[in-house]
Amino acid sequence: MGYIIKGNLRACLYLDFYEALDHVQVNIYKALEGVEESSAFKNQLEMLSPNAVMAKEKRHLGTGFTDEDGNYRINVCDLYTEGAIEIDLVVSDKLATLKKRSNPIHFTARRLMPIWRNNNNKIKEFSWNYSFSFQFWSQLRRQFDIWTILGNVKSAVDKTTPIKGVVVSAIDVDWVKDDFLGSAVSDSMGQFRIDYKSIDFKQTYLSPLISIETPISSIPGPGVYFKIHNSEGILLYEENRAMGKTQQRRNIPRCFNIDLYI
């Protein structure tokens with residue numbers, strides 16, 4: 001009798017906005033006897049050390065990877081004869097560069113007793129779909145120093161019609177030199193997403209020897225303003241850089257949401 005574990009993984013990024021956990025490694029382990037089932041991993045990130053991961057290898061039952069939509073499918077090894085399992089995830093830094101890499105984060109997502117169902121091929125299947133909370137996912141993103149701007153581009157005429165296919169650029173206003181945070185193309189719903197790291201707004205004229213946000217602030221975060229171009233590079237919208245110094249735009253949080261009208 002064979003066993004298959006499949007499902008979908010996602011996480012709350014902002015309010016009701018969820019992102020798929022794409023290209024995440026999913027490891028299945030046989031749970032130790034006497035260890036209770038637990039769902040206590042919901043809001044607290046507890047990273048496993050290399051030694052802790054190595055100690056689990058003898059109980060390893062299978063490994064798989066999520067696709068771009070967060071779906072995964074794992075064939076459990078023949079040594080498994082039912083019983084409680086542990087589901088571990090290994091998440092890598094998607095914004096890692098050649099100069100700066102972060103170690104992958106390995107953590108136990110759930111310990112449970114699967115309820116197996118027979119399919120037509122004499123194989124038992126178990127589905128585990130999960131949505132990680134904002135509180136949990138923000139802890140992991142902080143470990144990788146990932147910042148995100150989520151937004152919508154809409155028509156200035158009716159404030160509702162989405163504008164697709166335009167390039168939105170986010171810039172951090174600074175004393176010495178404004179820092180380019182990144183750009184993204186709006187989709188069919190007018191939505192865009194820009195991911196960046198703190199090093200992108202901590203550049204100074206002495207970088208990379210010295211990188212710090214200027215002026216020095218007790219609240220770390222960039223002060224942003226935006227530009228929008230069409231696909232041919234023609235400027236459609238440009239905010240005054242002074243917007244980055246306003247109360248609403250100064251020291252924005254790690255996940256910032258905005259509507260832009262053109």
Side-chain angles (χ1 to χ4, degrees), residues 1-94 96 102-119 121 123-144 146 148 254-255:
M1 178 68 70
Y3 297 86
I4 291 176
I5 297 177
K6 62 182 181 179
N8 178 269
L9 302 175
R10 65 175 191 165
C12 181
L13 185 61
Y14 179 85
L15 296 179
D16 59 349
F17 183 90
Y18 286 80
E19 64 175 340
L21 270 60
D22 60 314
H23 303 98
V24 167
Q25 182 176 332
V26 184
N27 292 333
I28 307 299
Y29 299 93
K30 183 175 178 58
L32 291 172
E33 294 184 6
V35 178
E36 296 181 358
E37 298 176 35
S38 176
S39 59
F41 310 108
K42 288 183 178 180
N43 294 319
Q44 186 61 42
L45 174 63
E46 296 183 2
M47 296 180 289
L48 297 176
S49 68
N51 288 338
V53 174
M54 188 177 300
K56 303 178 70 168
E57 281 304 308
K58 292 182 179 180
R59 300 187 280 119
H60 183 250
L61 299 175
T63 293
F65 292 86
T66 58
D67 61 19
E68 60 182 10
D69 296 318
N71 300 312
Y72 68 94
R73 183 182 180 90
I74 301 171
N75 291 312
V76 178
C77 75
D78 295 336
L79 296 177
Y80 179 72
T81 57
E82 301 198 8
I85 62 172
E86 290 177 353
I87 303 176
D88 286 14
L89 302 185
V90 183
V91 183
S92 299
D93 182 4
K94 292 191 290 186
S102 301
N103 292 327
I105 293 176
H106 189 140
F107 64 94
T108 299
R110 193 70 183 267
R111 184 182 301 115
L112 49 77
M113 181 69 72
I115 300 175
W116 299 100
R117 295 182 179 180
N118 292 315
N119 64 17
N121 298 316
I123 294 178
K124 291 186 176 182
E125 294 186 348
F126 169 67
S127 295
W128 187 67
N129 305 310
Y130 197 74
S131 296
F132 290 93
S133 68
F134 170 80
Q135 292 85 350
F136 181 92
W137 196 238
S138 61
Q139 294 175 67
L140 188 142
R141 286 167 49 84
R142 186 179 292 271
Q143 291 292 325
F144 288 143
I146 297 177
T148 299
R254 286 181 176 270
C255 191

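Note that the CD atom of Q135 and the CD atom of Q44 stand 11.0 Å from one another [nearest 0.5 Å]. Here W116 contributes atom CH2 and I123 contributes atom CD1; the two are 11.0 Å apart, rounded to the nearest 0.5 Å. The CG atom of L112 lies 5.0 Å from the CD1 atom of I85; values are rounded to the nearest 0.5 Å. I4 contributes atom CD1, which lies 10.0 Å from atom OG of S127 (distance to the nearest 0.5 angstrom). How far CZ of F134 is from CD of Q139: 10.0 Å, rounded to the nearest 0.5 Å. The line from OG1 of T148 to CZ of R254 is 10.0 Å long, rounded to the nearest 0.5 Å.
Between the side chain of T66 and the backbone N or O of H23 there is at least one donor-acceptor pair closer than 3.5 Å. Between the side chain of N8 and the main chain of N129, no donor-acceptor pair closer than 3.5 Å is present.
When side chains are defined from C-beta on, C12 does not count as touching S133, because their heavy atoms never get closer than 4.5 Å. At a threshold of 4.5 Å between non-hydrogen side-chain atoms, the residues E46 and T108 do not count as touching. Contact of the I87 side chain with the I28 side chain is registered, since non-hydrogen atoms from C-beta on lie closer than 4.5 Å.
The shortest heavy-atom contact between L21 and A11 is CD1-N, 3.4 Å. Summarising the geometry of A84 relative to P114, their closest heavy-atom pair is CA-CD, 4.4 Å, with the distance given to 0.1 Å. Between A20 and G70, the shortest heavy-atom contact is CB-N, 3.8 Å. S131 approaches Y18 most closely through the heavy-atom pair CB-CE2, 4.0 Å. Contact record, N27 with H106: ND2-CE1, 3.7 Å, taken as the closest heavy-atom pair.
Listed by chain and number, the residues in a side chain to side chain contact (heavy atoms under 4.5 Å, CB included) with Q143 are L45, M47, I105 (sequence neighbours excluded). Legend: residues meeting salt bridge (charged side-chain N to carboxylate O under 4.0 Å, His left out) with D22, ordered by chain and number and at least two apart, are K94. A52 is linked by a side chain to side chain contact (heavy atoms under 4.5 Å, CB included) to L48, S49, counting only residues two or more places apart in sequence or in another chain. H60 pairs by the ring-ring contact (aromatic ring centres under 6.0 Å, His included) definition with Y29, not counting sequence neighbours.
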Working for side chain to side chain contact (heavy atoms under 4.5 Å, CB included), residues I146 and D93: CA-CA 9 Å; I146 297 177; D93 182 4; 3.9 Å; yes
Could you give me the CA-CA distance, side-chain angles and deciding distance for F132 and L89, then say whether side chain to side chain contact (heavy atoms under 4.5 Å, CB included) is met? CA-CA 12 Å; F132 290 93; L89 302 185; 3.6 Å; yes
Using the side chain to side chain contact (heavy atoms under 4.5 Å, CB included) rule, take L13 and R141 through it: C-alpha gap first, then chi angles, then the decisive distance, then the call. CA-CA 10 Å; L13 185 61; R141 286 167 49 84; 3.3 Å; yes
Quick one: do F107 and V91 satisfy side chain to side chain contact (heavy atoms under 4.5 Å, CB included)? Show the steps, please. CA-CA 9 Å; F107 64 94; V91 183; 3.9 Å; yes
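Listed by first and then second residue, the salt bridge (charged side-chain N to carboxylate O under 4.0 Å, His left out) pairs involving residues 49-66 are K56-E86, K56-D88, R59-E86 (not counting sequence neighbours). Screening residues 4-13 for salt bridge (charged side-chain N to carboxylate O under 4.0 Å, His left out), with sequence neighbours left out, gives K6-E125.
Within the 6.0 Å centre-distance limit, the rings of W128 and Y130 are counted as a close aromatic pair.
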